[in-house]
Amino acid sequence: MPIGTTITEYIIEEQRRIQNVSGDFTALINDVVIACKAISSTVRYGSLVGVLGVADTENIQGETQKKLDIISNNLFIKRNEWAGHVAAMASEEMDDVYHLPNQYPRGKYLLVFDPLDGSSNTDVNGAVGTIFSILRRPEGARGEPTTRDFLQPGDRQVCAGYALYGPSSMMVLTTGHGVNGFTLDQRIGEYILTNPNMQIPENTHDFAINSAYMRFWDPPVRRYIDECLAGKDGPRGKDFNMRWAGAMIADVHRVLCQGGVFLYPIDRKLRSKHQEGKLRLLYEANPMSFIIEQAGGLATTGTERIMALPPAGLHQRCSVIMGSKNEVERIIAYHLEDQ
Ligand code: P6P
């Protein structure tokens, strides 16, 4: 049975392209991959092993945590804390920086992640996944990493990826040299390269937004969606399709594969709660933006490029509009006209 290119082979080939790397980076990504395999397996068993439903805790976002949120977070921590590749970690499910147990060596990378994105889908067997981002620890930093060490703009990411636990389990990865997709071959327990050099179509007829919030949208977003809804008789001269999976990872994966635009924009309701958006910058918007840009798309708040934003806090939120270049450029133009 031919196996194909495993994700480990791909990572090592990538390492050979980069001069003077110690292999730490490769080993870290490998540990992240194993963590995702473990989460994928746990998610698959669902109610058979009693991991569905809510825990009796809340995260810093004030969101009730699902049992799988906590299980996935702990799997990611356990898999990545011991090997000496990371100096510390941060997660949607933990209020502060996670400092490694004293007995473990500290490495030169910082790992930020959303262990289970879309967890509102867990109890209805919907798509969920893991999003992660790898940063370098700032030059010259000494002692235990602080929150400030993590507050780096998305352009400083050295790797970003996600694992989508859908009908098949896929990983999508970028280290800054394009985007590659891998599918988990359950027969051998390896992610195999199935989608090399993923590129987002520049034009599209798909958009993903939660239309329940339409009454709160800013004018540029409302204008863009209204024009899509007007279809071929409207200003766009073509019909559009709407999708909303309730999990950023699933909606953005569709955009990556088929073209489209994903929008979770700031709106009046979020402003009333003094929030700059729904999605979190460090472990949702930045890693997904890195992937989208590497695949030829654009990722913006509407007025600013997401990966240029200077983070002010671990759990900072931001407006998110990302996908096919021509569509995102149109939405940016509508925001500029509205200023
Ligand atoms: P809403 C999942 O909780 C998440 O953070 C994203 O993955 C998803 O796109 C969004 O929230 C869904 O939000 O308001 O539609 O439930």
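Just so you know, these numbers come straight off a predicted model, no measurement behind them. When a residue number appears, it is its place in the shown sequence, counting from 1. Whatever order the structure lists them in is the order used to number ligands and atoms, beginning at 1.
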Kindly write out the residues that satisfy ring-ring contact (aromatic ring centres under 6.0 Å, His included) with Phe290, not counting sequence neighbours, or none if the list is empty.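 None.
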Please list, in number order, the atoms of ligand 1 under 4.0 Å from a heavy atom of [X].
| X | answer |
| --- | --- |
| Leu279 | 5 (O), 6 (C) |
| Arg280 | 5 (O) |
| Lys278 | 1 (P), 10 (C), 11 (O), 12 (C), 13 (O), 14 (O) |
| Met248 | 6 (C), 7 (O), 8 (C), 9 (O) |

To check your reading of the model: name the closest protein heavy atom to atom 15 (O) of ligand 1, its residue, and the distance in Å.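 Nearest neighbour among protein heavy atoms for atom 15 (O) of ligand 1, to 0.1 Å: Asn210 ND2, 2.9 Å.
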Among Glu144, Arg106, Glu81, exactly one meets side-chain hydrogen bond (donor to acceptor under 3.5 Å, both in side chains) together with His99. Which residue is that?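 Among the candidates, only Glu144 passes.
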With heavy atoms under 4.0 Å as the rule, classify the contact between Ile249 and ligand 1 as side chain, backbone, both or neither.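 No part of Ile249 is near ligand 1 at this cut-off.
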Quick one, Leu110 and Asp149 - any side-chain contact, counting heavy atoms below 4.5 Å?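 Sidechains of Asp149 and Leu110: in contact.
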Check whether NZ of the Lys or CZ of the Arg Arg223 lies under 6.0 Å from the centre of the six-membered ring of Tyr334 and within 45 degrees of that ring's axis.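 Yes, a cation-pi geometry holds between Arg223 and Tyr334.
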Ser120 to ligand 1, any heavy atom closer than 4.0 Å: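 No, Ser120 has no heavy atom closer than 4.0 Å to ligand 1.
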Give me the ring orientation class for Phe240 and Tyr224: parallel if the planes are under 30° apart, tilted from 30 to 60°, perpendicular past 60°.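 Perpendicular, since the angle between the ring planes exceeds 60°.
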